[in-house]
Amino acid sequence: MPYIAGFLAFRETPVLLGLLQKMAVKEPALYPQLLMVDGNAILHPRGFGLASHLGVLADIPTIGVGKNLHHVDGLTNLEVRNVVAKSNLQAGDVVPLIGSTGQVWGAALHSHEGCQKPIFISIGHRISLDTAVAVVRCCCLHRVPEPVRQVFSFSQLQ
DNA sequence: GCGACAG
DNA sequence: ATCTTGTCGC
């Protein structure tokens with residue numbers, strides 16, 4: 001499947017479900033209680049990105065973690081960057097991502113001191129935004145939380 | 001002239 | 001995503 005913006009789940013979900021199934025058989029003790037996904041959840045043009053898609057199919061709580069903003073409901077990179085810049089945020093602070101319709105799509109997390117660019121958290125399945133942000137915040141040694149960062153660096157070698 | 005857009 | 005350049009912290 002090619003990568004098409006807005007349709008990432010159709011490319012990635014079959015592989016991820018296969019890996020979960022493999023874990024259930026081979027390493028049941030390590031089967032995850034929560035998934036932090038390298039991609040958005042409800043912060044998505046149809047409110048249902050990769051993290052949502054995977055969460056529902058696997059029936060596991062999921063958090064979407066985007067490294068770039070997927071433009072939706074009037075939210076733009078420029079606008080978010082401006083808000084983040086003038087908010088004088090400390091590491092761990094968030095600014096809510098509210099679209100022009102008033103919907104809360106997620107939160108931009110200033111995840112690491114001295115970082116220019118925030119990461120974009122949204123709720124996937126069976127989790128609140130507050131909990132999602134708290135979990136991600138706990139995992140941030142660098143800008144990108146460790147579970148996503150380690151998988152990302154591995155994937156870069158492939 | 002062209003057209004915002006996760007990975 | 002990938003690549004290149006420049007700056008900064010360890």
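Residue numbering restarts at 1 for every chain, and letters A, B, ... go by the order of the sequence lines.
- A heavy-atom distance below 4.5 Å is found between the side chains of I127(A) and L34(A).
- With sequence neighbours left out, Q150(A) forms a side chain to side chain donor-acceptor pair (under 3.5 Å) with E146(A).
- Counting only distance, with no hydrogens or angles, the side chain of R143(A) and the backbone of S111(A) share no donor-acceptor pair below 3.5 Å.
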In a table with atom names and distances, give each donor-acceptor pair under 3.5 Å that connects a side chain of residues 56-64 of chain A to protein atoms at least two apart or in another chain.
| unit_1 | atom_1 | unit_2 | atom_2 | d |
| --- | --- | --- | --- | --- |
| D59(A) | OD1 | H125(A) | NE2 | 3.4 |
| D59(A) | OD1 | R126(A) | NH1 | 2.8 |
| T62(A) | OG1 | A51(A) | O | 2.8 |
| T62(A) | OG1 | H125(A) | N | 3.0 |

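- Aromatic ring pairs are classed by plane angle as parallel below 30°, tilted from 30° to 60° and perpendicular above 60°; the pair H44(A) and H70(A) is perpendicular.
- Partners of N68(A) by side chain to side chain donor-acceptor pair (under 3.5 Å), not counting sequence neighbours, listed by chain and number: K117(A).
- The shortest non-hydrogen separation linking P45(A) to V72(A) is CA-CG2, 3.7 Å.
- Applying the side-chain hydrogen bond (donor to acceptor under 3.5 Å, both in side chains) rule to pairs touching residues 91-105 of chain A yields D73(A)-S100(A), D73(A)-T101(A), D73(A)-W105(A), sequence neighbours excluded.
- Scanning for side chain to side chain donor-acceptor pair (under 3.5 Å) contacts around T131(A) gives S128(A), with sequence neighbours left out.
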Cut-off 3.5 Å, no hydrogens considered: what does the side-chain donor-acceptor table look like for residues 4-27 of chain A, sequence neighbours left out?
| unit_1 | atom_1 | unit_2 | atom_2 | d |
| --- | --- | --- | --- | --- |
| R11(A) | NH1 | M1(A) | O | 2.4 |
| T13(A) | OG1 | A9(A) | O | 2.8 |

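- The NE2 atom of H110(A) lies 11.0 Å from the SG atom of C140(A); values are rounded to the nearest 0.5 Å.
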Reading 5' to 3' through nucleotides 2-7 of chain B, protein heavy-atom contacts under 4.0 Å coded B for base, S for sugar-phosphate only, - for none: --BBBB

Watson-Crick and G-U pairing of DNA chain C, under 3.5 Å, as dot-bracket with | and [ ]: ..........

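- Checking side-chain atoms of H142(A) against main-chain N and O of V144(A) turns up no donor-acceptor pair under 3.5 Å.
- Every residue two or more places apart in sequence or in another chain that forms a side chain to side chain contact (heavy atoms under 4.5 Å, CB included) with V83(A) is listed here: S87(A), V95(A).
- Between L75(A) atom CG and I98(A) atom CD1 the span is 9.0 Å, to the nearest 0.5 Å.
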Pairing pattern in dot-bracket form [Watson-Crick, G-U; both distances under 3.5 Å; | = partner strand] for DNA chain B: .......

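- Taking a 4.0 Å limit (strictly below) on heavy-atom distances, residues 104-135 of chain A does not reach DNA chain B anywhere.
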Summary of protein contacts for nucleotides 3-10 of chain C, nucleotide by nucleotide, where a base hit scores B, a sugar-phosphate-only hit scores S (4.0 Å, heavy atoms): --------

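- Atom CG in L89(A) sits 11.5 Å away from atom SG in C115(A) (nearest 0.5 Å).
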